[in-house]
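Read the numbers this way: they start at 1 and go in the same order the structure lists the ligands and their atoms. Along the sequence shown, residues are numbered consecutively beginning with 1.
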Amino acid sequence: MNKDFIAENLTAENDALVFGGANVSALAQKYGTPLYLMDEDRIRARCKEYLTALQAEFGKSCKILYASKACSFKQIYRIIKEEGLGADVVSCGEIYTCKAAGFDLGNAFFHSNNKTDEDIAYAIEAGIGYFVIDGEEELLAISRIAKEKGVTQKVLLRITPGIDPHTYAAVATGKVDSKFGCPIETGKAEAVIKLALSTPSVTLVGLHCHVGSQVFEPDVYLQTVQIMTAFMAQMYQKYAYVTEILDLGGGFGVRYTASDPALKIAENVRIVARAVKEECAALGLSLPTLCLEPGRSIVADSGITVYTVGAVKKIEGYKNYVSVDGGMTDNPRFALYGSSYTVLPVNNLSAPRDMVCSVVGRCCESGDILQENVPLPADVKRGDKICVLTTGAYNYSMASNYNRLPRPPVVMVKGGTDYPAVKRETLQDLAKNDL
Ligand code: LLP
């Protein structure tokens, strides 16, 4: 097998790349490039893997919430709804999309460290199940708005357990100095719980934490479980507060290159779930409903992005550049975090890849790089198709219109067939709000 086929849904037929059973070159021909492809069967398989593993330990007292910031459009919400997952949403835009897809918002958790009054009112009116609050200011705002609307709103409090998840800075969120949540260490978490227990029009149903993203070490989660359950026990002793829901966030790592480990989702879910059961038993706590919020690991390797090569520039003695018809506008992750990716030709897969180059985008900016040190065939030329693997998470959802470039369409692949899920933006779309 080709060592660059880092996910099981990648194969070759007649030396051409096949993704989720569909010929990538034919799809590029049909829909044009740049093009996001997503494999519905694989997304469903990931959802099932998470849910089955967690239910095996917690029965019905659990939820897998898809962290839709990883990739949000209507068809995704339809798929996760059909798979029995809940949703983590972070904005009115995600709530709107979720609702438009027919998703039951009672099964959605609304995150964000700074929800405006308008966000809060919109979410309550939309029938959001749970707010994950970031602190007392938000608690009081929700209480005020819920009261005006004559409802009692269920909330969870986001806790910062004080953990370094050993990942890149932009996604390390469990440390005490994080912009998210309330630290246990400073006494803030306890103070907000105390306040919540006497605040009208809100019910504090549980605690949440999310320590980081692209995490591979189970130890990080085991430490988190210890800290959270110890805190639950303290809150029970001091205030007779019973944590009904414990939400441990997302963060499981995925393979961007052959050197990344292939994290076994079911096994890791089992480890985390069993740790919660053991710690609760040891501390004499009743078992909470356990929630996990995976985003990246549900969709990342269910996506690839296909490009057409344009200018190829070989600066003798220095560097080779292969430019494509997309770039940081459809995938800003190298520009933002220096993220690694695997880049492959779409055709002639067995041709020697004997030229090392930087694959760059078409934006007027030197930082518009998709990946450095990419081996491609030395005769790669204008018109050839290449693709970047593992782009299903945080690519479409982080895409921009920088340089007024239209965002690519998303096409879903299912059992070897295909259907469009998001249309390609047009030039008219780009100027439609201009007055
Ligand atoms: N829950 C909460 C509260 C989160 O903040 C996140 C991610 C997740 C769940 C899902 O984490 P995941 O399973 O996807 O790792 N733009 C960055 C990722 C930011 C992640 C933000 N929060 C990137 O492209 O790497």
Hey, is ligand 1 close enough to [X] that some N/O pair sits below 3.5 Å?
{"X": "Gly295", "answer": "yes"}
{"X": "Gly212", "answer": "no"}
{"X": "Arg333", "answer": "yes"}
{"X": "Tyr337", "answer": "yes"}

Just checking, any donor-acceptor pair under 3.5 angstrom between side chains of Ser72 and Glu94?
no

Between the side chains of Asn403 and Glu365, does any donor sit under 3.5 Å from an acceptor?
no

Please determine if Glu190 and Lys194 form a salt bridge, counting it only when a charged side-chain N lies under 4.0 Å from a carboxylate O.
no

Would Asp88 and Lys69 pass as an ion pair if we require N to O under 4.0 Å?
yes

Closest non-hydrogen protein atom to [atom], residue and atom name please, with distance?
{"atom": "atom 15 (O) of ligand 1", "answer": "Ser213 OG, 2.3 Å"}
{"atom": "atom 21 (C) of ligand 1", "answer": "Lys69 CD, 4.0 Å"}
{"atom": "atom 1 (N) of ligand 1", "answer": "Glu293 OE1, 2.6 Å"}
{"atom": "atom 20 (C) of ligand 1", "answer": "Tyr394 OH, 3.6 Å"}
{"atom": "atom 19 (C) of ligand 1", "answer": "Val171 CG1, 3.6 Å"}
{"atom": "atom 25 (O) of ligand 1", "answer": "Tyr168 OH, 2.6 Å"}

With a 4.5 Å limit on heavy-atom distance, are the side chains of Arg255 and Pro261 in contact?
no

Do Asn331 and Tyr307 have side chains that approach each other closer than 4.5 Å (heavy atoms only, starting at C-beta)?
yes

Distance in Å, [X] [atom1] paired with [Y] [atom2], rounded so as to fall on 0.5 Å steps:
{"X": "Gln234", "Y": "Gln237", "atom1": "CD", "atom2": "CD", "answer": "7.5 Å"}
{"X": "Asn107", "Y": "Tyr66", "atom1": "CG", "atom2": "OH", "answer": "15.0 Å"}
{"X": "Ile79", "Y": "Asp41", "atom1": "CD1", "atom2": "CG", "answer": "9.0 Å"}

Go through ligand 1 atom by atom and flag the ones less than 4.0 Å from a non-hydrogen atom of [X].
{"X": "His208", "answer": "3 (C)"}
{"X": "Met398", "answer": "16 (N), 24 (O)"}
{"X": "Ala67", "answer": "8 (C), 9 (C), 10 (C)"}
{"X": "Gly251", "answer": "11 (O), 12 (P), 13 (O), 15 (O)"}
{"X": "His111", "answer": "3 (C)"}
{"X": "Arg158", "answer": "3 (C)"}

Under 4.0 Å, counting heavy atoms only: does [X] come that close to any atom of ligand 1?
{"X": "Phe180", "result": "no"}
{"X": "Ser297", "result": "no"}
{"X": "Pro294", "result": "yes"}

Distance under 6.0 Å and angle within 45° of the ring axis: does Lys115 meet both against Phe110?
yes

Taking the cut-offs as 6.0 angstrom to the six-membered ring centre and 45 degrees off its axis, would you call Lys81 and Phe103 a cation-pi pair?
no

Between His208 and His111, is the ring centroid distance below 6.0 Å?
yes

So that I know where these two stand, are Phe252 and Tyr221 an aromatic pair - ring centroids less than 6.0 Å apart?
yes

Is Asp88 touching ligand 1 with its side chain, its backbone, both, or neither, if touching means heavy atoms under 4.0 Å apart?
side chain

Structural part of His210 in contact with ligand 1, heavy atom criterion under 4.0 angstrom
side chain

